[in-house]
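Step one of this worksheet: look at the structure below.
Labels below follow one simple rule: chain letters A, B, ... track the order of the sequence lines, proteins then strands, and each chain is numbered from 1.
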2 protein chains.
Amino acid sequence: MAQKQGYLSKNQKIVLDYIEKANQPLKAYSILFNVQKKGLKAPPQVYRALDRLVEIGKVHKIESKNAFVACKNSNCTISNATAFSICDGCEKVTEISNPKLSKYLSGFQDNSGMKYNKYNLEFFGLCKKCR
Amino acid sequence: MAQKQGYLSKNQKIVLDYIEKANQPLKAYSILFNVQKKGLKAPPQVYRALDRLVEIGKVHKIESKNAFVACKNSNCTISNATAFSICDGCEKVTEISNPKLSKYLSGFQDNSGMKYNKYNLEFFGLCKKCR
DNA sequence: TATAACAATGTTATAATATAACATATTAAA
DNA sequence: TTTAATATGTTATATTATAACATTGTTATA
């Protein structure tokens, strides 16, 4: 059951399916408990699937929450430029897809001479409902 | 030993001193082991100090690494706009202090109507040495 | 100077997040 | 059809972080 580039293994599909149904970030152990009926019994199975899904861009990790969310770009295959808005009230997380922002950040250079190939940005505030 | 706004308590000073001496991000438990000689014996003592230091902006958390680094702005009292560059090779982390970038991001608005009051940005790449 | 209110500390235990290590199985390709 | 690579299953454990509660120190004020 090895996989060609771009194809998902059984466990990866199970985990991705579950994450896609939720439209909020999920914790790894909450995923684990919920996919146990599908046969994934132990943390490494979930974390391995998550690692791969993050790597190929199907899932993003919300670092400030240690939680995982499906990529909203239906055909996303990269994950090197991510931005999220996070409501401190209701905890709603939304992936920001803003060409100007991503262009600005992808082209950003500081004076260290370092060449960036990836970034992650998390905005915090209060959404309309929570204000 | 309560504290007025802006003053640091004993444990906060101990933890901040130690973090400032390192000029790299430190893990909470590594801090703990190293301040045990100063009397901080248990995780909550370190985490409480860290929480407060982060809150007042003296320390920032590098979310992708679960590590803590002293703020480079010597008089920083806020922590609502942070940006870091992280080398995937040597793991060196540098706080980015770029007025244009912070102005751009502080003013950023998306179409959700959400008003942001805080952001954290982490860039990844390879530094000069590691290229 | 009591005393109340609050902030900080100390302490034990445990929760939550994540990985090491190794055995087995599946697949693709040489 | 053997090999190499990938994926899976499994147990144990490492790492990160917080809950809960008792105690102590500080400030303000009655």
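Between the CG atom of Asn11(A) and the C1' atom of dG9(D) there is a distance of 9 Å, rounded to whole Å. Here dA7(D) presents its P atom at 14 Å from OH of Tyr7(A), a figure rounded to the nearest Å. As rounded to whole Å, 16 Å separates atom P of dA5(D) from atom CZ of Arg52(A). Residue Leu32(B) contributes atom CG, which lies 15 Å from atom P of dT9(C) at whole-angstrom precision. Note: CD1 (Ile14(A)) to P (dA7(D)) measures 14 Å, nearest angstrom. In this structure, Lys41(A) places its NZ atom 17 Å from C1' of dA12(D), rounding to the nearest Å. Look at CZ on Arg48(A): it is 14 Å from P on dA21(C), rounded to the nearest Å. Counting to the nearest Å, the P atom of dA8(C) and the CG atom of Leu50(B) are 15 Å from each other.
No side-chain heavy atom of Thr82(B) sits less than 4.5 Å from a side-chain heavy atom of Leu121(B). Counting heavy atoms from C-beta outward, Cys90(A) and Cys127(A) have side chains that approach closer than 4.5 Å. Residues Ile86(B) and Ile62(B) form a side-chain contact, since some pair of their non-hydrogen atoms from C-beta on lies under 4.5 Å apart.
Taking the side chain of Gln45(B) as heavy atoms from C-beta on, and the options dG9(D), dT8(D), dT9(C), the nearest nucleotide is dT9(C).
With a cut-off of 3.5 Å on both pairing distances, the Watson-Crick or G-U wobble partner of dG25(D) is dC6(C).
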Considering only nitrogen or oxygen atoms on both sides, find all protein atoms under 3.5 Å from nucleotides 15-19 of chain D and state each distance.
{"from": "dT16(D)", "atom 1": "OP1", "to": "Lys27(B)", "atom 2": "NZ", "distance (Å)": "2.3"}
{"from": "dA17(D)", "atom 1": "OP1", "to": "Lys61(B)", "atom 2": "NZ", "distance (Å)": "2.7"}
{"from": "dA17(D)", "atom 1": "OP2", "to": "Tyr47(B)", "atom 2": "OH", "distance (Å)": "3.2"}
{"from": "dA17(D)", "atom 1": "N7", "to": "Tyr29(B)", "atom 2": "OH", "distance (Å)": "2.8"}
{"from": "dA17(D)", "atom 1": "N6", "to": "Tyr29(B)", "atom 2": "OH", "distance (Å)": "3.0"}

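Under the salt bridge (Lys or Arg N to Asp or Glu O under 4.0 Å) criterion, the residue pairs touching residues 81-93 of chain A are Lys65(A)-Glu91(A), with sequence neighbours excluded.
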Q: Decide side chain to side chain contact (heavy atoms under 4.5 Å, CB included) for Ile96(B) and Phe108(A); before the verdict, give the C-alpha distance in whole Å, the side-chain angles of both, and the deciding distance to 0.1 Å.
A: CA-CA 11 Å; Ile96(B) 296 174; Phe108(A) 180 79; 4.1 Å; yes
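The side chain of Ser9(A) contributes an N or O atom lying less than 4.0 Å from OP1 or OP2 of dT8(D).
Ring geometry for Phe33(B) against Tyr29(B) counts as perpendicular: the plane angle is over 60°, on a 0 to 90° scale with 30° as the lower cut.
Among Val46(B), Ile19(B), Val35(B), the single residue meeting the side chain to side chain contact (heavy atoms under 4.5 Å, CB included) criterion with Ile14(B) is Val35(B).
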